Amino acid sequence: MSSSPAAAAAASDRLRRIYLNVETTKELWWAVVSCFIAVLAGVRLVEVFLNVSRKAQIPSDPSALVEQEKHEEPARRRGAIALRRVPQAAVTAFRIAAFRWTVPIGPQARMLMADVWVILGYMAGVLVWDLTRSTHLEPAHNLNTKFYEDRSAHIASAQISLVVALAGKNNVISFLTGISHEKLNVVHRAGGRMIVLLLWIHAIGRLYTGIGNFDYFETTWMKAGLVGVSAYTLVALLSLRPIRTVAYEFFFITHIALTALAIACGIVHRPECQHYFWPGFVVWAFDRTLRLLRLLTINLRWWRRGDKLVKGHVELISPGTVRLTLRRPIAWTPGQHAYLILPSVSTLPSEAHPFTISSIPYPVDGSEAKSKEHDMVFIVRGMNGFTKRLHQHADEKGSGSVTAIVDGCYGYPPDLATYSTSVFIAGGSGVTYTLPLFMNLIRMARLGKSSVRRIVFIWAIRDRDHVRWIGESLLQAVDAAPAHVSLEVKVFVTRAAMETVPGLEYAEEPSPTPPNASNSSISDKQAEKKLSDVETLATALNVQVGRPDVAQLLRHEIEPALGRISVNVAGPAPLARAVREALASDIAGPVGVLKGAPTVNLHIETFGVVGA
Ligand SMILES: Cc1cc2nc3c(=O)[nH]c(=O)nc-3n(C[C@H](O)[C@H](O)[C@H](O)COP(=O)(O)OP(=O)(O)OC[C@H]3O[C@@H](n4cnc5c(N)ncnc54)[C@H](O)[C@@H]3O)c2cc1C
């Protein structure tokens, strides 16, 4: 018996739906996600190429830089708009809109416009590919949920490996784009939430149109589907900022366990679609294996029996701040960070916290390192859980050794060799990021491998006492600076200013209350010596009382500058915001660039996964 035209159309619709489920998923991957990553990788490639060609032009004789400056002198006479500078002005305008403008996303958090665009673009792409092309041969079925309920599940499942990759410390996207893992985290979160939304579209759609027969719920594949969606939903709920902030380790462990459960359930739910799911495990295992191998290589001394775990030296350097020094057989790029695991301080074996390596692996004076092992110096502010316990440990036990495992190094800090002016601005412990960049730049200048002619190092600290954190390294770097580099170091002590000046522009990072302050292990004699150390350092560094006016300081540097400028910032979010706002104004705007002002590149390290 021949079927009716309506039945034939319905059958044909079904085939079209099945075809589109797979096709749209592929298109989204290749046309949207992969193309976007390819564009970012292309931009990085161009940057690398430009950097290499600029480096090739650095004169080996530093005095040639001074000559070069004399030739550039006419460029100081800015004023007329030069059409040949349109590309630089356009890049400046883009940088301002993308990386200096931010939008509030909560009481204390802001998001970069670049992140907003990426997230909205990604969401729009997913929804367009998910919800369009729903015209049926059978008109009665037009816009029927059947057309996108299963497609949602296909698209969601295909995003899993991407979302897992975006969370990994060692991920191929970071490698291709040069965007550090903690900066990619914002897209990881958006992608994860998108998966949950799509899975619910699938579940509700199926409930609405497909699952009239409730016997379905007795089947293993259906139970697996329900558990999977529930697990994913829990992952999203437990990742909300308040939970992450209050109980990071709880968030972290449940995040991994529930995601693994959800992926496994996906395989049971739809074994024929397992190719969407298992790559998620592979990506995760790749990251973990690499981390484990690196961790073993860096931390374990195979040739020494009984002393397998290498120690670190811990000391209290000021109330609330601990310095941890680890000697390890690795070199790192100045400005990178690493994860620290201290078994005697951690409550859970999985507890690893990120800290920036505040030292550089080579002597700042340009000489060769004497050993293949280098001192990794970490400066840790005692805040809450882990850092507070570390502080307590140093306070109660005094200076001494502690078992320490380091996992790293991570991050893609900027290469400053080709800028003619570099400005470093740090607030409090943010100096752990600017100091190594500063020291490395001085080393490169000494070696004739940098075109830097002016360096300004600004550091705002709450208490005078904090100069001890890095005072000696800073002085060594200042002493090592070559004569052809004009160098200025400005250290501001803000607490005295806070007491006298009302209406502060930005809040400092919170000053941690030292645990057992009354029970401090620092004796009177030690305290006296420390005080005299502080005074010596403060005098040598010309420490001033007050709050840096970053806009004024930046204007002062940018207006007379000749070549490209790099501004590097780390510290409390309000400090980063103040710099962003200053550099989004006429100080470094596109009109100035059109008239001959130098371009300014801004690099901000926020010590967190949320933009400042
Ligand atoms: C790239 C980077 C570099 C940093 N460098 C320094 C530094 O040089 N000196 C310094 O004092 N601080 C630095 N921090 C901040 C430091 O990592 C946190 O202050 C510390 O982890 C908080 O731990 P806690 O024990 O005080 O608080 P917890 O209560 O354990 O955690 C509080 C918050 O810290 C964050 N956090 C905790 N563990 C992690 C983790 N494994 N990954 C990401 N975030 C986490 C979470 O937002 C959490 O909500 C850096 C952070 C990052 C991301």
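In listed order, ligands and their atoms are each counted from 1. Treat the numbers as computed from the prediction; the structure is a model and nothing was measured.
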| Asn568 and Ser566: side chain donor to acceptor below 3.5 Å | yes

| request: Between Ala352 and ligand 1, find which residue part has any heavy-atom pair under 4.0 Å and reply side chain, backbone, both or neither. | output: backbone

| request: Check whether any heavy atom of Glu249 sits under 4.0 Å from an atom of ligand 1. | output: no

| Should Lys397 and Glu315 count as an ion pair when the cut-off is N to O under 4.0 Å? | no

| message | At less than 4.0 angstrom from any non-hydrogen atom of Arg381, what atoms of ligand 1 do you find? | response | 11 (O)

| message | If we set the cut-off at 4.0 Å for heavy atoms, which region of Tyr248 has an atom near ligand 1: side chain, backbone, both, or neither? | response | side chain

| query | Would you say Gln336's side chain and Trp332's backbone share a donor-acceptor pair under 3.5 angstrom? | reply | no

| said: Just to be sure I read this right, does ligand 1 sit under 4.0 Å from the backbone of Ile379, its side chain, both, or neither, counting only heavy atoms? | reply: backbone

| Taking the side chain as C-beta and beyond, is there a heavy-atom pair between Leu316 and Thr321 under 4.5 Å? | no

| said: Please report whether ligand 1 has a polar contact with Glu605, defined as an N or O pair separated by less than 3.5 Å (distance criterion only). | reply: no

| request: Answer with side chain, backbone, both or neither: which part of Thr432 has a heavy atom less than 4.0 angstrom from an atom of ligand 1? | output: side chain

| field | Per-atom contacts of ligand 1 with His337, taking only distances under 4.0 Å to non-hydrogen atoms | value | 1 (C)

| field | Minimum non-hydrogen distance to atom 23 (O) of ligand 1, winning option of Arg244, Glu182, Gln336, His353 | value | His353

| request: Please identify which atoms of ligand 1 are closer than 4.0 Å to at least one heavy atom of Val380. | output: 11 (O)

| query | Ring centres of His337 and Phe355 under 6.0 Å apart? | reply | no

| request: Quick one: list whatever passes side-chain hydrogen bond (donor to acceptor under 3.5 Å, both in side chains) with Ser371, sequence neighbours left out. | output: none

| query | Between the candidates Phe355, Tyr339, Phe378, Trp469, which shows the shortest non-hydrogen contact distance to atom 13 (C) of ligand 1? | reply | Phe355

| remark: Closest non-hydrogen contact found for Thr356 with Gly335 is CG2-O, 3.9 Å

| Is any side-chain heavy atom of Val406 less than 4.5 Å from a side-chain heavy atom of Arg328? | yes

